[in-house]
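Please read all numbers here as calculations on a predicted model, not as lab measurements. Chain letters run A, B, ... following the sequence lines, proteins first and then strands; every chain starts at 1.
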Amino acid sequence: MTDKPRWFQTTAIDYPNSRPHIGTAFEKLGADVQARYRRMEGYDVFFLMGNDENTLKVADRAKSLGQEPQAYCDDMARQFQEVWKALDISHDTFIQTSHERHKQCCRKFVQKVYDNGYIYKGSYEGWYCPGCEEFKSDKVHAESGGLCPNHKRPLVRRSEPCWFFKLSAFKDRLLEHLKGNPEFVQPESRRNEMIGFIEAEGLQDLNISRHGEEWGIKLPFDPEFTIYVWFDALLTYITGIGYGDDEATFRKHWPADVHFIGKDITRFHTHIWPAMLWAAGEEAPRKVFSHGFVYVKNEEAGTVEKISKSLGNVIEPMEVISKFSADAFRYYFLRECPFPSDGEFSWTRFAEVYNSELANSLGNTLSRCTTLILKNFGGVLPGTNGYTPSWDYLSVPFDNKMSIVKPSVPRTLEAARSLTESCNYNQAIINILLGILSPTNQYLEFKAPWKLVKTDKEATKEVLFNAVQSLRAVSILLKPFIPKSAEAIYTSFNFPTPWAEVKYADAAELKAQPDDLRITAELIDGKVKPLFPRIG
RNA sequence: CGCGGCGUGGAGCAGCCCGGUCAGCUCGCCAGGCUCAUAACCUGGAGGUCGUUGGUUCAAAUCCAACCGCCGCAACCA
C-alpha cells in the first residue's frame, strides 16, 4: 500500500499482579517518544504493548481476590490501558497472553522449535519446599541456611521431569551476533555485560516447562506441562503481529526494530529470545534497548529507594496526572531521568522542573509573545503574509556574550534528532530549551518590543514574528515528548503546515507565512490561558 | 578478586571514548536591570585543588595503576 519504511517496536509486557507505577510508566514513555518521533519522520509505525498473564502469581492474586483468573486479567488489562491512555501512550495494539489467539500461536511456535529438535525431555533438580510446593533458587537455599523462608522447614533436594530448551546450542552464534552487531544491545554497557555473561558462564539449557499447573499454556506435545511464563511472554512480540495465523502481516513487521525493556531483563531478550527465534527459523530482533530504572527519593531520610510495595513508596502515574497533566508527567520523566540510565522521582524535584522549565521557560515565553501581539496588534501582525522565517535573529550576536555558542535552530534540530534516535531524550530536551527557548528570551530582552512599539511598529512586528518562529520550532521539536502541549503552542498561531502533517525537519523550515500571522488560540479575558500554571 | 555503574561549587548533572580552546549547565543564593509575561524575563556575582594517592605527558576532570566510598544486578521483584 505504501513504500513508507516500516517501524516495529515493543515494550516489555507487564505482570498484572499490581497496577502500574511510575517506573512501569517510564518504559512506556520512552517507547512512546520513539514511536511518535518515527511517525513524524514518515515511518509506518506499529507499536505493541501488552500484559503477561500466564503466571501463577497472577492466578494466585485473582484467587485471593475471589475472582476467576481470566476475569481478573481482563479487568487489569483494562486498568493498565486506562493509565496508558491517560499518559497519551500511542500504542497500536495491546496483547493479553491469556487470550486464546496468543495461546494458539504460542503453541505453534513451541511445536516448531520442538520439531526442529531444540526441545528435549530431561529432569530438573533443585531445592524444593513441600510446604510451598515449589522449587527455591540456590541463592535462597544458601541465604536461608537450607530452610524455606516461608515455612522455616528444611528444603529437600528433588528432581522432577521437565522439558528443556537447548539454549546452549546457540552459544557461538549468539556471541558472534552480539559482537558483530554493535547496535543489537543498547546502551553499550549492557552489550558488554551480555557478552561478558556468555564468555564467563556460557549458556545453560533452559527448563521451559512447569508441571501440574492449571493456569497457563499447555505444551502441545505434552499437555501434562504448561509453558514456562518467560518462554510464552517473549512470544507476544510475534504473536501480536500475526505469527502463526497471519503470515503476511507477520512478514511485514518482523524483525522488530527495537524492543524497549528494563535493564533487569536484558538477558532474556538478548540471550534467550534470539535463540528461541533462531530455533524456530526466524530472525532475531534488530535492537534491544535496556532502559534504566526510576527510584524514589525519600525526602525525609535523604535516601534513594527502589520502588517497592514493602517500602510503601509506590507512586501511581495517576497521582501525578490528575494533579497536573499527562504532559507534566511526561516532561518530568523524559527530562529528568536519562532513559538509558537511572533516574529519581521526588515531588520537590517535580515542582522545580515543572516551574523552571515548563512554566517559566516554555509557558511564559508563549504568554509574553501572545500578549504582546494581542495588546499591540489586536492579535494579528498585519502585512506579515509573505514573511519568510529566518534564523538570523538568533545567531547574530545581539550581545557580546552570544558569540561563544551561536544558537541555531537547524543545529538544534540535528542535535535533537540524533539524541532522540539514540533515546537520549533528556539531552534532546535540554538542547531544545537551551538552543532555542533561552536565546529567544534573550532576544526579546534585547529588542524590547514593548518599548520598540512606541517608536517603530514595523520593526516590532518583525521582532514578534521572529520570536513566534522560535515557538513554532520548539513546539515541533517537543512534539514527541509533550504532544498535547506542543500542539497547544503550535495551534495558537496560524502556521501554514497543519499540525498533523508536521515533520521533525519542519522545525527549521523556511516556509513563507501565507496569511498574516495571527493568534488563533482561545482567549479568556482577552488573553491566552497560561499553558503550565506555576505550582505554588 | 562475580558483573556493572557512579563519585565534578549548597542540590542535580554535562564534559571523560578522540588529553590542551574546560572548569560548563540547570536549580538555589546575593546584587542590579526590565516591566511584555505565569512574582515570570535579562545581566552580573559569590561558591569547586573535578573521591584519594601515585604514574604517563610539555600539558589530565579527561589516559594508566592502586585504594576509599556509594549504588545497582546476580535467570521469573518494572
Between C1' of C36(B) and CD1 of Ile373(A), the distance in whole Å: 11 Å

Please determine if Lys28(A) and Asp14(A) form a salt bridge, counting it only when a charged side-chain N lies under 4.0 Å from a carboxylate O. yes

Would you tell me if any nitrogen or oxygen in the side chain of Thr371(A) comes within less than 4.0 Å of OP1 or OP2 on A37(B)? no

Shortest non-hydrogen contact between Ile261(A) and Tyr237(A), atoms and distance: CG2-OH, 4.2 Å

Looking only at side-chain N and O atoms, does Thr10(A) offer a donor or acceptor that is under 3.5 Å from a partner on His259(A)? yes

Closest nucleotide among A37(B), A75(B), C41(B) to the Gln204(A) side chain: A75(B)

Measuring only the C1' atom in each nucleotide, how far is U26(B) from G15(B)? A whole number of Å is fine. 15 Å

Whole angstrom value for the distance that separates P of C34(B) from CG of Asn441(A): 18 Å

Looking only at the side chain of Lys451(A) (C-beta and beyond, no hydrogens), which of the listed nucleotides U38(B), C76(B), C34(B) gets closest? C34(B)

For the side chain to side chain contact (heavy atoms under 4.5 Å, CB included) test, which of Val468(A), Val474(A), Ile489(A), Thr371(A) pairs with Leu366(A)? Ile489(A)

I'd like the C1' distance from A39(B) over to G24(B), given in whole Å. 29 Å

Ranking U26(B), C42(B), C77(B) by distance to the side chain of Gln442(A), first place goes to C42(B)

Reading RNA chain B 5' to 3', what string of ( ), [ ], | and . shows its pairs, if Watson-Crick and G-U wobble pairs count only when both distances fall under 3.5 Å? .(((((((.[[[[.)....(...]]]].(((((.......))))).....[[[[[..)....]]]]])))))).....

Please state how far atom CD in Glu336(A) lies from atom C1' in G12(B), giving the value in whole angstrom units. 7 Å

So, is the end of the Lys306(A) side chain (NZ or CZ) under 6.0 Å from the ring centre of Tyr295(A) and within 45° of the ring's axis? no

5'-most by nearest nucleotide on RNA chain B - Thr365(A) or Ile265(A): Thr365(A)

5'-most by nearest nucleotide on RNA chain B - Tyr295(A) or Lys454(A): Lys454(A)

Is it the case that the base of G12(B) and the side chain of Glu344(A) share a donor-acceptor contact (distance under 3.5 Å, atom types as modelled)? no

Looking at the side chain of Asn360(A), which of G72(B), C76(B), A40(B) is the nearest nucleotide? A40(B)

Write down the distance separating the C1' atoms in A11(B) and C17(B), rounded off to the nearest Å. 29 Å

What's the gap between C68(B) and A59(B) when it is taken at their C1' atoms, as a whole Å value? 28 Å

What's the closest nucleotide to the Lys527(A) side chain, out of A78(B), U38(B), U26(B)? U38(B)

Would you say Lys297(A) places a side-chain N or O within less than 4.0 Å of OP1 or OP2 belonging to A11(B)? no

Pick the C1' atom in C64(B) and in G2(B), then give their distance to the nearest Å. 24 Å

If we count only N and O atoms by modelled type, under 3.5 Å, do the side chains of Arg19(A) and Gln79(A) hold a donor and an acceptor together? yes

Could you check which of U26(B), A75(B), A37(B) has an atom nearest any side-chain atom of Leu434(A)? U26(B)

Considering only side-chain heavy atoms of Glu352(A), which listed nucleotide, C36(B), C76(B), C27(B), is closest? C27(B)

Taking only side-chain nitrogens and oxygens of Arg534(A), does any of them come within less than 4.0 Å of OP1 or OP2 of A40(B)? yes

Tyr228(A) side chain: which of C76(B), G33(B), U38(B) is closest? C76(B)

Separation between the C1' atoms of U62(B) and G19(B), rounded to whole Å: 6 Å

Between Glu357(A) and Arg335(A), does any NZ, NE, NH1 or NH2 come within less than 4.0 Å of an OD or OE carboxylate oxygen? yes

Atom P, compared across A60(B) and U53(B): separation rounded to whole Å: 15 Å

Ion pair Glu414(A)/Arg417(A), N-O distance below 4.0 Å: yes

Give a yes/no answer on whether the side chain of Lys306(A) brings an N or O atom under 4.0 Å of OP1 or OP2 in C73(B). yes

Integer-rounded Å distance: A37(B) C1' and Asn355(A) CG: 15 Å

Salt bridge between Lys179(A) and Glu199(A), side-chain N to carboxylate O under 4.0 Å? yes

Looking only at atom C1', what distance separates A14(B) and C27(B), rounded to whole Å? 15 Å

